[in-house]
S.K.: 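Okay, handing you the structure first.
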Amino acid sequence: MAPKGLNTTLLLRFGAAAALVAALGGCKVLTLEQDRQMRAAAQGGFDASTLVDGMWQGKVVPALTQAAVPLAPLAGQVKAGVLDAYGAQHGRRASSEAPWVFMVSARGKVVSIDRQSRAGVMVVDVAGVGPVSVALGPVVLSTGLRDSLKFLSFNDLPDQLAYGAVAGALNDHALRAVVPVAAHLTPGAQVDFIGATQAPADGEPWQVMPLRVTGA
């Protein structure tokens with residue numbers, strides 16, 4: 001059974017979110033701002049988008065860019081079965097059982113772009129690596145950007161909901177810059193990208209949550 005205090009907190013947050021829904025007229029399509037207000041109410045007033053907006057240029061982008069390592073050597077470490085030693089120097093992970101997360105950089109040729117799916121991707125052929133799926137969203141499940149930030153931890157935030165919301169806000173902020181660039185790319189184009197990834201399962205392509213994509 002959950003602690004009484006936790007139940008009270010959840011009820012208060014649910015009540016705040018429900019009140020906002022009622023204020024917005026019940027069943028209706030929400031604007032992005034209304035959705036942000038609902039999520040903030042459900043998290044006790046915490047606003048992940050505001051937090052991320054305030055530290056994006058000054059802290060997030062410099063930290064993640066500086067942490068990036070070339071993807072091809074990382075892929076080589078995975079093939080050689082020595083990822084732990086490389087990860088201890090260049091990656092991050094939440095626990096000894098969790099996968100290593102890396103910020104990586106690479107250049108390659110666009111193979112295909114899926115702009116129709118809600119989980120759109122751009123497949124890029126990278127020398128020494130093979131096909132790499134670069135997320136375009138709008139639906140992205142990766143927490144890689146958040147997990148790559150050394151200055152941000154779970155203990156810095158109110159609760160698990162807030163921690164998850166920050167991951168989503170980081171992805172959203174990155175995609176606002178990435179998607180317009182990808183809109184002008186076609187198969188055969190050369191691109192540079194920086195993003196978060198982890199070692200794929202055997203036979204699976206690398207998947208990257210991009211921080212930045214630029215035409216080469």
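Quick caveat, the model's predicted, so the values are computed rather than measured.
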S.K.: Could you tell me if the side chain of L51 sits less than 4.5 Å from the side chain of V166, heavy atoms only?
M.R.: yes
S.K.: Donor-acceptor check, side chain of R115 to backbone of A182, threshold 3.5 angstrom: yes or no?
M.R.: yes
S.K.: For A177, which residues count as a side chain to side chain contact (heavy atoms under 4.5 Å, CB included) partner, sequence neighbours excluded?
M.R.: none
S.K.: Partners of P138 by side chain to side chain contact (heavy atoms under 4.5 Å, CB included), sequence neighbours excluded?
M.R.: R118
S.K.: Are V191 and V134 connected in a single hydrophobic cluster, I mean Ile/Leu/Val/Met/Phe/Trp/Tyr linked by side-chain heavy atoms less than 4.5 Å apart?
M.R.: yes
S.K.: Name each donor-acceptor pair under 3.5 Å that joins a side chain in residues 78-99 to protein atoms two or more places apart or in another chain, with its distance.
M.R.:
{"residue": "D84", "atom": "OD1", "partner": "W100", "partner atom": "NE1", "Å": "2.8"}
{"residue": "R92", "atom": "NE", "partner": "D147", "partner atom": "O", "Å": "3.1"}
{"residue": "R93", "atom": "NH1", "partner": "S96", "partner atom": "O", "Å": "3.4"}
{"residue": "S95", "atom": "OG", "partner": "E97", "partner atom": "N", "Å": "3.4"}
{"residue": "S95", "atom": "OG", "partner": "A98", "partner atom": "N", "Å": "3.4"}

S.K.: Quick check for you: to the nearest 0.5 Å, what is the distance between L136 atom CG and M122 atom CE?
M.R.: 5.5 Å
S.K.: Can you name the side chain to side chain donor-acceptor pair (under 3.5 Å) partners of S117, sequence neighbours left out?
M.R.: none
S.K.: For the residue pair A106 and V126, what are the closest heavy atoms and their distance?
M.R.: CB-CG1, 4.0 Å
S.K.: If a pair satisfies ring pair (Phe, Tyr, Trp, His ring centres under 6.0 Å) and one of its residues is in residues 105-149, list it, with sequence neighbours excluded.
M.R.: none
S.K.: Between T50 and D53, do the side chains contain a donor N or O and an acceptor N or O under 3.5 Å apart?
M.R.: no
S.K.: Please enumerate all residues that pass side chain to side chain donor-acceptor pair (under 3.5 Å) together with D192, with sequence neighbours excluded.
M.R.: R107
S.K.: What residue pairs, at least two apart or across chains, pass salt bridge (Lys or Arg N to Asp or Glu O under 4.0 Å) with a residue in residues 127-145?
M.R.: none
S.K.: Going by salt bridge (Lys or Arg N to Asp or Glu O under 4.0 Å), name the pairs with one or both residues in residues 119-130, residues two or more places apart or in two chains.
M.R.: none
S.K.: Would a single hydrophobic cluster contain both F46 and L170, if residues Ile, Leu, Val, Met, Phe, Trp and Tyr are joined by side-chain heavy-atom contacts under 4.5 Å?
M.R.: yes
S.K.: Which side-chain N or O atoms in residues 199-216 pair as donor and acceptor under 3.5 Å with protein atoms at least two apart or in another chain?
M.R.:
none

S.K.: Tell me every residue that passes side chain to side chain contact (heavy atoms under 4.5 Å, CB included) with A67, counting only those two or more places apart in sequence or in another chain.
M.R.: M103
S.K.: Taking all atoms of both residues into account, what is the closest heavy-atom pair of V101 and G144, and its distance?
M.R.: CG1-O, 3.8 Å
S.K.: Minimum heavy-atom separation for P187 to V111, with atom names?
M.R.: CB-O, 3.6 Å
S.K.: Are V123 and L175 co-members of a hydrophobic cluster defined by side-chain heavy atoms under 4.5 Å apart?
M.R.: no
S.K.: Between T186 and I113, is the side-chain contact (heavy atoms from CB on, under 4.5 Å) condition met? List the steps.
M.R.: CA-CA 7 Å; T186 57; I113 305 177; 5.9 Å; no
S.K.: If only atom types and distance count, is the side chain of D156 paired as donor or acceptor with the main-chain N or O of S153 below 3.5 Å?
M.R.: yes
S.K.: Same cluster for L145 and L141 if Ile/Leu/Val/Met/Phe/Trp/Tyr side chains link at under 4.5 Å?
M.R.: no
S.K.: K59: which residues meet the side chain to side chain contact (heavy atoms under 4.5 Å, CB included) condition with it, sequence neighbours left out?
M.R.: M55, F151
S.K.: Would you say L71 and V121 are hydrophobically clustered, going by side-chain heavy atoms of ILVMFWY under 4.5 Å?
M.R.: no
S.K.: Provide the full list of ring pair (Phe, Tyr, Trp, His ring centres under 6.0 Å) pairs with a residue in residues 172-194, sequence neighbours left out, each pair given once.
M.R.: W56-H173
